[in-house]
Every structure is written in structure tokens, then in C-alpha cells.
Colleague: 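Let me give you the structure first, and then I'll get to my questions.
None of the values given here were measured: they were computed from a predicted structure. Every chain is numbered from 1, with letters handed out A, B, ... down the list of sequences.
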Amino acid sequence: DVKVTQSSRYLVKRTGEKVFLECVQDMDHENMFWYRQDPGLGLRLIYFSYDVKMKEKGDIPEGYSVSREKKERFSLILESASTNQTSMYLCASLGGGPLHFGNGTRLTVT
Amino acid sequence: EDQVTQSPEALRLQEGESSSLNCSYTVSGLRGLFWYRQDPGKGPEFLFTLYSAGEEKEKERLKATLTKKESFLHITAPKPEDSATYLCAVPGQAGTALIFGKGTTLSVSS
């Protein structure tokens with residue numbers, strides 16, 4: 001079974017902090033994704049990566065950046081956290097089958 | 001613009017009361033329609049992929065069907081453990097990233 005692991009289930013950060021969300025997959029998948037999920041808005045794509053050191057903007061990239069230095073690891077970075085970035089963040093990976101998700105990181109920015 | 005619309009937003013059923021969830025999509029050149037189940041506080045879990053009109057997939061009390069414009073998730077004789085949010089998604093024009101509907105939250109009471 002594909003395993004996508006997000007390093008933190010819950011995070012509380014202060015406005016203006018730099019925040020790192022980490023995601024690791026164990027199936028050698030080429031493609032990895034970051035979504036955020038908010039009530040009434042559903043899942044929205046922030047960034048994705050189809051190879052090491054490659055990245056593409058999704059629908060809502062503003063305020064975020066990403067890093068993919070190794071194939072198995074995809075990091076989401078909030079350069080200066082703001083309260084409107086309080087959300088559930090979901091990482092996913094894709095190989096030859098369906099998209100597989102981690103269990104999410106619930107981030108609260110105060 | 002590619003879109004996925006799910007209805008109803010919420011559905012309450014009695015145990016054993018069968019019903020259907022709807023997912024309509026507007027995307028040219030459909031490259032698969034995906035159904036996921038999401039439990040509170042967890043990441044979405046893959047259920048089915050459908051590729052062509054007329055295709056059906058089944059798993060326990062769930063059956064997914066696909067037409068040229070929409071998909072249905074039929075739930076037969078549901079049990080309380082079927083309570084969850086059900087998401088459908090299609091690949092966008094840009095490539096591999098999935099576009100998700102906002103989901104249907106199903107509550108089954110005994």
C-alpha cells in the first residue's frame with residue numbers, strides 16, 4: 001500500500017512566522033501535490049511537482065512556495081504565515097494508479 | 001473552465017434507506033472520474049475510478065456509475081459506518097492534478 005506521511009497532524013503558529021509542512025511518500029511516485037481544504041470551498045490545489053526540483057503553480061499559490069529536493073519528499077512553505085492560511089493541508093502522491101493522500105496537517109495561525 | 005459539482009451538500013439517511021449522490025462535471029476529454037471517501041480529520045481515501053460512459057464499479061454497499069455528463073454514487077442499505085464525506089474529482093485540462101467537487105456529507109443513523 002502507498003503510504004503518504006505528513007509530519008505533523010496539528011500545528012499552531014503565529015502571524016508572520018515561516019512555516020514548513022513536510023510530506024514523504026514511500027512509492028517512488030513522480031508526482032506530488034499540496035491541497036488545502038476549507039469548509040464550503042472544498043479541496044483547492046496550491047502547488048504540484050512532477051519531478052525532483054520541478055514545480056508548478058496550482059489554483060491558489062499566493063503566499064506559498066514549495067521545495068522538492070528528493071523524489072520522496074515535498075515541502076510546502078508559508079513564507080510569512082497569515083490568519084487566512086488557517087486550514088487543513090493535504091499532501092498527495094501519484095504514480096500509475098489513483099491519487100493517494102496523507103492524513104493532513106491542521107494548521108492554525110493566530 | 002473545468003468544474004465539478006456535487007449534490008446534495010448533505011444527506012441524512014436512516015440505516016437501510018438507499019439513496020444516490022450526484023457528481024456533474026464539465027471537462028472536455030474526460031480522462032477518468034474518481035470517487036473518494038473522507039472521514040473527519042483524515043485524508044481522502046480512494047474508492048473508484050470510472051473511465052467511460054456506462055461503466056459501473058461496486059464495493060460493498062456502494063456502486064458508482066458514469067454517464068457523459070455526470071456520475072452517481074448509489075448507496076444500498078447504508079449502515080452508520082458509511083457516514084463520511086464523499087468526494088468526486090476529475091483530472092483538469094492542465095495535466096495530472098485532480099479538480100475536486102465540494103463533497104456530499106452523508107450521515108446514516110441507526
Colleague: Heavy-atom pairs under 4.5 Å with chain B are the metric here; pick the option from A:Gly40, A:Gly58, A:Gly104 that has the most.
Modeller: A:Gly40
Colleague: Is A:Val109 linked to A:Val19 within one hydrophobic cluster, defined over Ile, Leu, Val, Met, Phe, Trp and Tyr using a side-chain heavy-atom separation of less than 4.5 Å?
Modeller: yes
Colleague: Between atom CZ of A:Phe101 and atom CG of B:Leu87, what is the distance when rounded to the nearest 0.5 Å?
Modeller: 8.0 Å
Colleague: If contact means a heavy atom pair closer than 4.5 Å, which residues of residues 35-43 of chain B contact chain A?
Modeller: B:Tyr36, B:Gln38, B:Gly41, B:Lys42, B:Gly43
Colleague: Please classify the contact of A:Arg44 with chain B as side chain, backbone, both or neither, using a heavy-atom distance under 4.5 Å.
Modeller: neither
Colleague: In terms of heavy-atom contacts, does CZ of B:Arg12 have more than 12 from other residues, nucleotides or ligands at under 6.0 Å?
Modeller: no
Colleague: For residues B:Tyr25 and B:Phe34: do they belong to one hydrophobic cluster (side chain heavy atoms under 4.5 Å, members Ile, Leu, Val, Met, Phe, Trp, Tyr)?
Modeller: no
Colleague: Kindly work out whether a path of hydrophobic side-chain contacts (I/L/V/M/F/W/Y, heavy atoms less than 4.5 Å apart) joins A:Val4 to A:Phe74.
Modeller: no
Colleague: Report yes or no: do A:Val24 and A:Trp34 belong to one cluster of Ile/Leu/Val/Met/Phe/Trp/Tyr joined by side chain heavy-atom distances under 4.5 Å?
Modeller: no
Colleague: Can you say whether A:Tyr50 sits under 4.5 Å from chain B via the side chain, the backbone, both, or neither, judging by heavy atoms?
Modeller: neither
Colleague: Relative to chain B, which of A:Leu45, A:Leu43, A:Asp59 shows the most heavy atom pairs under 4.5 Å?
Modeller: A:Leu43
Colleague: Transitively linked via ILVMFWY side-chain contacts under 4.5 Å: B:Ile99 with A:Phe33?
Modeller: no
Colleague: Could you list the donor-acceptor pairs under 3.5 angstrom formed between side-chain atoms of residues 91-99 of chain A and any protein atom two or more places apart in sequence or on another chain?
Modeller:
residue	atom	partner	partner atom	Å
A:Ser93	OG	A:His29	ND1	2.9

Colleague: Using a cut-off of 6.0 Å, state whether more than 12 heavy atoms not belonging to A:Glu79 lie near its atom CD.
Modeller: yes
